[in-house]
Amino acid sequence: MQVTKQATTKQEVFAELYDEFMPKVFRYIHYKVSNQQLTEDLTSTVFEKALVSFDKYSSDKAAFSTWIFSIARNTLIDYYRTKKTRQQVPLDEAVETPSREPSPQEEVEKKAEQECLRGCLARLPEDDQELIRLKFAGEFNNRQIAKMLGLSESNVGVRLFRAVKKLREDFNESWNG
Amino acid sequence: MNPGMDEKNKEEFTESVEDILAAKEGEIDETLDDDYRANIDFTKKIIDCRGEPSVAFQEGLKRRLLSKLAEKEAIEQRRRSETTSFWDWLRNLVPQSPAWRTTAVTVTVAVVALVVAWGSGLFSPGEEGPIVTGPLPPTVSVEARASTQETEYAVGEEIDIQFTFRNVADETFTFPFPPEIRIGDISTEVVRKFDVSYSTKTLTPGQSEDYEITWDQKNDTGEQVPPGDYQVIIPNVPLGEGKGVVSLVDSPILTISNNP
């Protein structure tokens, strides 16, 4: 991420980075916890931590994206450690409470489909889940993911393909079966 | 599926996923197999499943973070411009190079001798000696006093240090609280700095605030300090142009010994 030339003060730089990365961090956390309120709380924690350490961050050592996602990963790990479990919170607790207002049939079906998909995602091995979160929420390329997870770039491509296939097959079985 | 096709699938798949994430419509290679196509279609479902932050949350968090950042910068700015501690101030009175030090000490000794001789009436009996002036120490508006239960401690024993900050001026002051607290050896060489917080304290005239720290007798690198005499240091905290400083006016000498 290149901070624009207009961003001169620390606040301006931080604001630009926030605008670019907050939605990605939010999606990354949401894939894991599937609850809007909890995602907001954990996203806030990530950026509060980033703010406290912002003076120590050096773009020479790591890209901001890598740095902020390492904070996000550690925040999730801390959260689940505190909860004494690394498992996904039970799906019936995790998913948002459906609106009480009547919804069109398609929307109801879409929500149910998404809940089913999140359930399947939570059943994948943690490494595969992380790969999918980094790809689809963080929008990292394979080289960046390889660096973050200590894998080779080609290995990331192979594992991503297999993880999506596994998820798809599990979903098809759960949804259609 | 043959291995060559498998490899091609995976490469194309990554590119297609990145195109979809970038909202670009790429053409699907017709030579790729069903697994690939099914995965690509399924990718869209995974993306649809992403949670999105609400605008209110996004804006609210941004406002809160930027306001904290501004506050943090204001405190750091104040710290940077703070005057040095009384000891640093005293040390700065003497120039640093050896030649200058020698000259300064010689001149000081000569002036003191002259003043003593003058005062004793050697030069002009019955007349008063000259008044020697120099830079005045800053006015103390908030007095900090440190105290401990004991003055002598065994090696390794935790030392509780109580502080009282009292506003002795006629106006209300807000200052970083707690201010930076250091432990120095008897030559004021700092051995330990305590973490500072970024909060502030407001004291009205006459009001006081207590604070306590526990020193585990470790230095900044986590090692036990050697036996000897130590003192508490709080660098002066300026309260604004002409408004004086927060200053440590009383603190005990802490003796650490093998046989207290």
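Since this is a predicted model, take the numbers as computed values, not measurements.
Identified under the ring pair (Phe, Tyr, Trp, His ring centres under 6.0 Å) test for residues 114-159 of chain A, with sequence neighbours left out: A/F69-A/F140.
In this structure, no portion of A/N172 lies under 4.5 Å from any heavy atom of chain B. In this structure, chain B has a heavy atom under 4.5 Å from the side chain of A/I132, while its backbone stays farther away. When heavy atoms are compared at a cutoff of 4.5 Å, A/T39 does not approach chain B at all. Using a 4.5 Å cut-off between heavy atoms, A/E113 contacts chain B through its side chain alone, with no backbone atom that close.
Options B/A70, B/C49, B/S54 differ in how many heavy-atom pairs under 4.5 Å they form with chain A, and the most are formed by B/C49. When the candidates B/L66, B/V17, B/I47, B/L61 are compared by the number of heavy-atom contacts under 4.5 Å with chain A, B/L61 comes out ahead.
The minimum heavy-atom distance between A/P23 and B/P53, with the atom names listed, is CA-CG, 4.1 Å. Across every non-hydrogen atom of B/F57 and A/Y18, the tightest pair is O-OH, 4.2 Å. Of all the heavy atoms in A/L51 and B/K68, the pair that sits closest is CD2-CB, 3.6 Å.
Open room surrounds CZ on A/R143; 12 or fewer heavy atoms of other groups in view lie less than 6.0 Å from it. Shown here is A/E169, whose CD atom has more than 12 heavy atoms of other residues, nucleotides or ligands within 6.0 Å. Atom NZ of B/K45 is surrounded by 12 or fewer heavy atoms from other residues, nucleotides or ligands within 6.0 Å. Under a cut-off of 6.0 angstrom, the local environment of CD in A/E173 is sparse, with at most 12 non-hydrogen atoms contributed by other residues, nucleotides or ligands.
When atom types are taken as modelled, the side chain of B/K72 and the backbone of A/V52 share a donor-acceptor pair closer than 3.5 angstrom. The backbone N or O of B/E52 lies less than 3.5 Å from a partner atom in the side chain of A/Q36, making a donor-acceptor pair.
Atom CD in A/E40 sits 10.5 Å away from atom CD in B/Q58 (nearest 0.5 Å). If you take CG on B/N39 and CG on A/L160, they are separated by 8.5 Å, rounding to the nearest 0.5 Å.
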Point to revise | Evaluation steps, side-chain contact (heavy atoms from CB on, under 4.5 Å), between A/K135 and B/E18 | key: CA-CA 9 Å; A/K135 191 71 190 178; B/E18 283 167 9; 2.6 Å; yes
Exercise for review: Evaluate the criterion side-chain contact (heavy atoms from CB on, under 4.5 Å) for residue pair B/E73 and A/Q11; output intermediate values, then yes/no.
Suggested key: CA-CA 9 Å; B/E73 284 205 297; A/Q11 279 102 323; 2.8 Å; yes
Exercise for review: Check step by step if side-chain contact (heavy atoms from CB on, under 4.5 Å) holds for A/F171 and B/I46.
Suggested key: CA-CA 11 Å; A/F171 172 79; B/I46 300 176; over 6 Å; no
Exercise for review: Step by step, work out the side-chain contact (heavy atoms from CB on, under 4.5 Å) result for A/F47 and B/K62.
Suggested key: CA-CA 9 Å; A/F47 279 90; B/K62 186 177 179 180; over 6 Å; no
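Between B/D41 and A/R168 there is no salt bridge, since no side-chain nitrogen of the basic residue lies less than 4.0 Å from a carboxylate oxygen of the acidic one.
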